[in-house]
Amino acid sequence: MNQAALIAWTSLYIAVGCMALICGALAAVATFLDLFQGKWRPSFATRLDIALALPKIWLRWQRNYLLGTPVIAFIALYFAYHVGFDVFWNIEPTG
């Protein structure tokens with residue numbers, strides 16, 4: 001793989017990883033704000049509801065996290081466009 005392609009792919013992976021980390025943290029904040037502000041609250045009426053409270057909270061976090069996915073995809077595609085798609089596909093071995 002040539003040096004430019006290696007740098008481009010590495011930069012893209014690092015950027016998407018950082019964005020996913022930020023998105024996960026913001027999804028956790030949004031989930032806890034939903035819980036504490038009363039916008040969304042799992043039911044605690046029965047023992048089964050209590051046992052399923054944690055999975056329901058986790059699913060709410062997943063929902064909030066997936067709402068950020070289009071933003072991550074758009075930023076990654078814009079970065080690839082800015083660098084040039086041909087740089088990413090030029091992976092012929094050198095030397």
Side-chain angles (χ1 to χ4, degrees):
M1 178 178 285
N2 65 21
Q3 195 69 21
L6 182 64
I7 291 170
W9 279 107
T10 305
S11 299
L12 182 65
Y13 280 123
I14 290 170
V16 169
C18 290
M19 288 185 292
L21 184 65
I22 292 168
C23 186
L26 290 175
V29 168
T31 302
F32 286 116
L33 285 177
D34 287 347
L35 279 171
F36 292 123
Q37 290 178 350
K39 293 179 183 177
W40 175 81
R41 186 167 303 268
S43 175
F44 293 109
T46 65
R47 283 190 210 171
L48 182 62
D49 288 339
I50 293 170
L52 293 177
L54 191 60
K56 287 179 183 179
I57 292 170
W58 180 77
L59 286 173
R60 182 68 174 198
W61 177 84
Q62 285 285 352
R63 177 191 166 275
N64 288 334
Y65 179 77
L66 288 176
L67 289 174
T69 302
V71 175
I72 294 172
F74 176 76
I75 292 171
L77 283 173
Y78 185 74
F79 173 76
Y81 171 76
H82 179 71
V83 170
F85 290 110
D86 56 334
V87 173
F88 288 95
W89 295 113
N90 188 12
I91 55 173
E92 296 294 324
T94 58

Under 4.5 Å between side-chain heavy atoms, chaining through other members, with only Ile, Leu, Val, Met, Phe, Trp and Tyr counted: pull out the rest of the cluster around Ile14, sorted by chain and number. none
Under the rule for side chain to side chain contact (heavy atoms under 4.5 Å, CB included), what residues qualify as partners of Ile50, not counting sequence neighbours? Phe44
Here the pair of heavy atoms bringing Cys23 nearest to Gly68 is SG-CA, 3.8 Å
Linking Ile, Leu, Val, Met, Phe, Trp and Tyr by side-chain heavy atoms under 4.5 Å, what else ends up with Ile57? Phe32, Leu35, Phe36, Trp40
Within residues 64-74 or reaching into it, pairs that qualify as side-chain hydrogen bond (donor to acceptor under 3.5 Å, both in side chains) - sequence neighbours excluded: Thr31-Asn64
Residues in side chain to side chain contact (heavy atoms under 4.5 Å, CB included) contact with Ala4, at least two apart in sequence or another chain: Asn2, Val87
Set of residues satisfying side chain to side chain contact (heavy atoms under 4.5 Å, CB included) with respect to Leu21, sequence neighbours excluded: none
Side-chain heavy atoms under 4.5 angstrom apart, residues restricted to Ile, Leu, Val, Met, Phe, Trp, Tyr: same cluster for Trp61 and Met19? no
Taking the side chain as C-beta and beyond, is there a heavy-atom pair between Leu6 and Thr10 under 4.5 Å? yes
Treating Ile, Leu, Val, Met, Phe, Trp and Tyr as nodes and any side-chain heavy-atom pair under 4.5 angstrom as an edge, say whether Val71 and Tyr13 lie in one connected cluster. yes
Of all residues at least two apart in sequence or in a different chain, which pass the side-chain hydrogen bond (donor to acceptor under 3.5 Å, both in side chains) check with Ser11? none
Counterpart residues, side chain to side chain contact (heavy atoms under 4.5 Å, CB included), relative to Leu12 (two or more places apart): Trp9, Val16, Ala76, Phe79, Phe88
Could you tell me the separation between the CG atom of Leu59 and the CG atom of Leu52, rounded to the nearest 0.5 Å? 10.0 Å
Enumerate the salt bridge (Lys or Arg N to Asp or Glu O under 4.0 Å) contacts for residues 12-40, please, sequence neighbours excluded, ordered by first and then second residue. Asp34-Arg60
